[in-house]
Amino acid sequence: MATSSKSNAETMANELAHSLEATMGRLQNIWDEIGIMEEQRKDRRKVVLHHLQALLEEMVAEEENLRTRLLQSVEDCGKELLKISKELHVPVYEPEEGLTILTLEKELRTRVDTLSKEKHDRMKQLSSLKEKEQQLCDTLCTTPFYIAPDTVPSNDQLAKLRQHISTLQTEKNTRQEVFLETKRKIITYLDDLDLTPNSSFERDVVCEDEESFVLSSDNMAALQTLCAELEKKQNDLIAMASDLRIQVTTLWDRLMIEQSEREAFNRDNQGFKPRVLKALREEIERCRELKLQNIRRYVEGLRAEITQLWNKCYFSQEQRNQFTEFFSDDFTEDLLEIHDQQVASLKQYYDNNRDILKFVEKWEDLWKKMLEFERRANDPSRYNNRGGGLLQEEKERKKVHKLLPKVEEEVSRAIREYEQKTGQPFLVDGCPFLDYVTAQWNKHNEEKEQEKHRRHLAKAKQLEEEQKNGSKPATTPKRRFLTTPTKTPTKRKKTPKTPGGRLPKSRPPLPGSGLRKALAERNTPDRTHGFSMSTLSGSSA
């Protein structure tokens, strides 16, 4: 490179010499034309040389000044680049070797400009993000994300700050939704309870603008506490109103209050507000006074309720007779109190054994359906049906026969668990459930035998009359259908008969008949039971 510079300098010197020679020649000609003397020409040549030297010196000075400024700029840019690199947490720029001052200065200055713009952008982002964060922190009363003041945040810090703001925004939205929903509930509770906000916090929640409510953790906890307290008050009032209504209804039923009077009272006293509770208490007091004035009527209402409870609890007549006051005609306050206690005791018994009694009731319903199907099976008019009713009836009958033993097993299992737990027997109509079931089957079979005997006697009497009058028909009339059936009915299987030609007394085999076999072994055919049979007559409630 030095050789090249030397060659360039020699070329420039030659060009300058040639230019100077040409210029001096032109000056010489001018001077000749003007007639300037040689001495003056010497002076003028000195002036030209002086100007040329001054110009070159000036140019050199300017270039030296440029070099100085470039070196200073390189130094300043280097310092600034080092500072910004540290602030931005980026690697410090290391220039390549052999760069000229001008190239180095330009490279350094360009990098300083680039990093300065990066710094400016980061600081601008930081300012904007901090403003958003501060608003959220003020609303949520939480601590801002820490970034040291007067520092340039790194990209990682800015990313964490954005994530922090996103988390705060999500939390704010969640709390805002909870606040609005809870505020709605609180306003409803206050309205239902006939209350007004009486504390500053309650007024802030109910009366102030929703955006002004500070969604701090403490405020949200206090909000939930207030809502829970009001909800508890409402539930307490609802429970109280329900209890009072039950008392009122019970008194109405026993006093046989007219339905129109009941509807009028209920129409004017709906809900559970304090005003309604007061009206219910006043109605209870009024009815109690009427109760004392109408003890006989009230006791009769209690006895009707007791009868319903006896039926629901499957009490036998013997168990019912134990409550001797039921048959007393001495209508006094003491008798009234005893009946009240009996009702409470029966309700308690029913509630304690509700599951078992529901099972028994289910068995009773299935039993009655089975009896109804057997009654229909003996009705000749059933074959007049053409709408598929017989097929549906057969499906229902099979379903009942299938469910009946399963329900018996469920009841028996529930009773065994009860007896193991309490150590006391559970009676249905005064006897163990399995004995009760056996008794129903025995009674059913006896009724079938009696019905068969009645038909046999009626047929014998008819034959006797026909022989006596000589009007016996030559052939047995066939059953006539009102319309021709579209499908031949499925033949019913004949019930097998005993060698003597009579139907067996035992009930037909059903799925799960192992339980009944055990019952047959432990219950002899001639065993009798003291049943009231009230549940079979449809009196169960």
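Positions are given from 1 along the sequence.
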Inset, instruction - May I have the step-by-step check of side-chain contact (heavy atoms from CB on, under 4.5 Å) for Ile186 and Thr182, ending in yes or no? - result: CA-CA 6 Å; Ile186 289 174; Thr182 308; 4.0 Å; yes
Inset, instruction - Report the C-alpha separation of Arg45 and Gln28 in whole Å, then their side-chain angles, then the decisive distance to 0.1 Å, and conclude whether the side-chain hydrogen bond (donor to acceptor under 3.5 Å, both in side chains) test is met. - result: CA-CA 10 Å; Arg45 292 190 188 99; Gln28 187 68 32; 3.1 Å; yes
Inset, instruction - Could you give me the CA-CA distance, side-chain angles and deciding distance for Val276 and Arg245, then say whether side-chain contact (heavy atoms from CB on, under 4.5 Å) is met? - result: CA-CA 10 Å; Val276 176; Arg245 282 193 172 88; 3.7 Å; yes
Inset, instruction - Show the numbers, then the answer: is there a salt bridge (charged side-chain N to carboxylate O under 4.0 Å, His left out) between Glu409 and Arg413? - result: CA-CA 6 Å; Glu409 292 287 355; Arg413 182 171 57 254; 5.6 Å; no
Inset, instruction - Please lay out, stage by stage, how Asp243 and Gln247 fare under the test side-chain hydrogen bond (donor to acceptor under 3.5 Å, both in side chains). - result: CA-CA 6 Å; Asp243 181 65; Gln247 295 182 46; 2.7 Å; yes
Inset, instruction - Assess whether salt bridge (charged side-chain N to carboxylate O under 4.0 Å, His left out) is satisfied between Arg122 and Glu118, documenting all intermediate values. - result: CA-CA 6 Å; Arg122 289 192 191 181; Glu118 175 70 16; 2.9 Å; yes
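In summary, Asp192 and Lys185 do not engage in a salt bridge, as defined by a charged side-chain N under 4.0 Å from a carboxylate O. Ion pairing of Glu396 with Lys399 is absent here, as no side-chain N (NZ or NE/NH1/NH2) approaches a carboxylate O to less than 4.0 Å. A salt bridge is absent between Lys362 and Asp365; no separation between the charged side-chain nitrogens and carboxylate oxygens falls under 4.0 Å. Between Glu419 and Arg416, no side-chain nitrogen of the basic residue sits less than 4.0 Å from a carboxylate oxygen of the acidic one, so the salt-bridge criterion is not met. Ion pairing between a basic and an acidic side chain is recognised when a charged N comes within 4.0 Å of a carboxylate O; Lys117 and Asp113 show no such pairing. Lys79 and Glu75 are joined by a salt bridge, as a carboxylate oxygen and a charged side-chain nitrogen come within less than 4.0 angstrom of each other. We find that Glu229 and Lys232 are not joined by a salt bridge, their nearest charged nitrogen and carboxylate oxygen being 4.0 Å or further apart. In summary, Arg262 and Asp253 engage in a salt bridge, as defined by a charged side-chain N under 4.0 Å from a carboxylate O. Using a cut-off of 4.0 Å between Lys/Arg side-chain N and Asp/Glu carboxylate O, Glu283 and Arg286 are scored as salt-bridged. A salt bridge does not link Glu263 to Arg267: none of the charged nitrogens lies less than 4.0 Å from a carboxylate oxygen.
Within a 6.0 Å sphere centred on NE2 of His120, other residues, nucleotides and ligands contribute 12 heavy atoms or fewer.
The side-chain heavy atoms of His339 and Tyr298, taken from C-beta on, include no pair separated by under 4.5 Å. Inter-residue side-chain proximity for Val437 and Trp367 is flagged as unmet; no heavy-atom pair is nearer than 4.5 Å.
Remark: the Asn173 side chain and the Gln169 side chain contain an N/O donor-acceptor pair separated by less than 3.5 Å.
At distances below 3.5 Å, at least one donor-acceptor pair connects side-chain atoms of Thr114 with backbone N or O atoms of Thr110.
In this structure, the separation between CZ on Phe359 and CD on Glu408 is 13.5 Å, given to the nearest 0.5 Å. Annotation: the span from Glu15 atom CD to Thr11 atom OG1 amounts to 6.5 Å, rounded to 0.5 Å.
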Side-chain donor-acceptor pairs of residues 342-349 under 3.5 Å, sequence neighbours excluded:
residue	atom	partner	partner atom	Å
Lys347	NZ	Glu305	OE2	3.3
Gln348	NE2	Asn352	OD1	2.9

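Side-chain rings of Phe426 and Phe433 stay apart, their centers remaining 6.0 Å or farther from each other.
When all heavy atoms are compared, the tightest approach of Thr151 to Met123 is O-SD, 3.7 Å.
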